[in-house]
**Student:** 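Dropping a structure here in structure tokens format, bear with me for questions.
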Amino acid sequence: MWEYTDKVQHHFLNPQNVGELENADGTGDVGSLACGDALKLTLKIDENEIITDAKFKTFGCASAIASSSVLTEMVIGMSVEEASKVTNEDIANALGGLPKEKMHCSVMGREALEAAIADYRGMILPMAEGEVVCECFGVTDLEVIRAINESNLRSVEEITNFTKAGGGCGKCEDKLREILRKTVGEKVEAAATGTKTRKMTALQKIKKIEEVLEREIKPGLRKDGGDLELIDVDGDFVTVSLRGACKSCKKSQTTIKEYVEKKLRELVLDTLIVEEEE
Amino acid sequence: MAETNDKIVYMDNNATTKVAPEVVDAMLPYLKELYGNPSSMHTFGGQVGQAVVEARSKIADLLGAQPEEITFTSCGTESDSTAILSALRTFPEKRHVVTTRVEHPAVKSLCENLETLTGHKYKVTRLKVDEEGMVDMAEYEAALTDDTAIVSVMWANNETGNIYPVEKMATMARARGILFHTDAVQAVGKIPINLKELDIDFLSLSGHKLHAPKGIGVLYVKRGTLFVPFLTGGHQESGRRGGTENVASIVGLGRACELAAEKMDEENTKVKKLRDRLEKELLSRIPNSRLNGHKTARLPNTTNISFEYVEGEAILLHMNRYNICASSGSACTSGSLEPSHVLRAMGVPFTAAHGSIRFSLSIYNTDEEVDYIVEKMPAIIESLRKMSPFWKGN
């Protein structure tokens, strides 16, 4: 049996905002029966572009249902602009994390939200315009590239966990490997160039780390009753101490590596190594 | 996630079974005071060796085999691999294996590895199945060639319970000089088996599917069949499988086989009656539900039902709240992304394949448990369907 957090179990057993809004201002319909999960998200948006209501209908497993439920709770009250910035990591974090094999459920939530906002704005989703690389699950190259960049993916297995691409017949694995090689190569190149042009002093690095912790990381942890304190920065080694609910959480190592380290690498320096104070 | 502390309603016996109390009693002395090595020369080890001899005999009796045809292994998977690899080593000039598209992963994965990890040195023919999950005997006959080293066809399917005509298939293979293996892990103890009269060369069984513990298996090798060991080492098992015997489990399996022989009628009457009632009630009370598998050529304990437009893992987790244990062919339960290869091979549409639930009963199940499941399931399915974007109601 999967190890689901209490929050996933709660949202699965007590899903919020189930249903379909009549005369919705934006509708996002993603997934399919063949894929094994599908989500229909409907939004009501007022004249100030505030999402006043959201409802979902989901065909899928506990993670898919929980991701949909928590997504509706998150976006009600947000402006469309704010909602457009919600990532799949935000959805997974709001649930206290998902098993890595189930991350695609949070991606489905984000995709439905994007589709609903695009529908509201009368736009076509750019992701749908890519070339389909995984025939089994209809995943485009643009979706794969985006997942690699956003979630720092480094293997075909990780791509499958996040996008489902490659999870069917497996014939697209070579294509996925090639996309991964190219995308990661470009990232490394860009990072190398970026590092050269903005080589940071130790003080600049510490300040940047503190800024990202305050702006990007701590608010997410506080939502779950936790917190974090920066203890030391020694070269690329960043030592932190978890506080509140995060300290006693069984998944504290996942929080450190999958959330804090990923964010710091993405927004400060991609060579940083985050460790918890012993 | 369970909501009550009531007793567990266990209908997942094709996954594993309760160890019978009689089996535990038989094993205990060999976990406590009788700890000698059966290969030792002293009397202390000798009496343990005698217990292994007796267990071997009991297992042979259930299968209609001779004791010397029984080799102990660690599990069904080891038995399957040993049989197939032995055949390929016996006939190194032959490079072809015939099997089906609905085999257990123990055989399915081995066959895939034989193709890919050996650089396609071996060719595997996987027989198609029809919508009820049965093979076409004409296709089978056509698949047998001079290059075929072994046929491996399961006796009964773990997901649907379908029983395959292995007796006839073995005879057809024998006529072509081809070895025949059957993965009988789900069949042994549930339906009568008499290997004496059959052309089956290898048969695999696993203890934990018939109320013995996990970690003990058997490979039957017909007398006279050429054999190459998979595990070499000491002289245990007449040189057929090295490694000190798992004595307590062997004794337990012997007792479990004895019990299975005694309770075979109960399996085919009481268990079948319970299964049939459960199946009929669920199919009639829950709209858009369908049976996966053959209506009659099926194990007495298994029913596989799809509830359309809902997903299996979600169903199982709701069942778990009521302490009901079963399995699903849904991809989401396994970490795979494709639903059961068995259901897909049968052409079960996606609308149904994702929402399949397998109930597998045993002699320990009761009428009250069937009533309980029949009472809980309709509301579980209804609540999930209300959430499904594909469900349009009746």
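The figures that follow rest on heavy atoms only: side chains count, while hydrogens, waters and symmetry mates do not.
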**Student:** Relative to chain A, which of B:S383, B:S388, B:P389 shows the most heavy atom pairs under 4.5 Å?
**Tutor:** B:P389

**Student:** So which part of A:P99 gets closer than 4.5 Å to some heavy atom of chain B, the side chain, the backbone, both or neither?
**Tutor:**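 Neither; nothing under 4.5 Å.
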
**Student:** Tell me every residue that passes side chain to side chain contact (heavy atoms under 4.5 Å, CB included) with A:I76, counting only those two or more places apart in sequence or in another chain.
**Tutor:**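 For A:I76 the side chain to side chain contact (heavy atoms under 4.5 Å, CB included) partners, ignoring immediate neighbours, are A:N17, A:D53, A:A54.
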
**Student:** Do B:R290's NZ or CZ and the ring of B:F307 fall within the cation-pi criteria of under 6.0 Å and 45°?
**Tutor:** no

**Student:** Looking only at the side chains, is there a donor atom on one of B:E369 and B:N365 sitting less than 3.5 Å from an acceptor on the other?
**Tutor:** yes

**Student:** Quick one: of A:V18, A:I65, A:T58, who has the most non-hydrogen atom pairs under 4.5 Å with chain B?
**Tutor:** A:T58

**Student:** Considering residues at least two apart in sequence or located in another chain, which fulfil the side chain to side chain contact (heavy atoms under 4.5 Å, CB included) criterion with A:C172?
**Tutor:** A:C134, A:L176

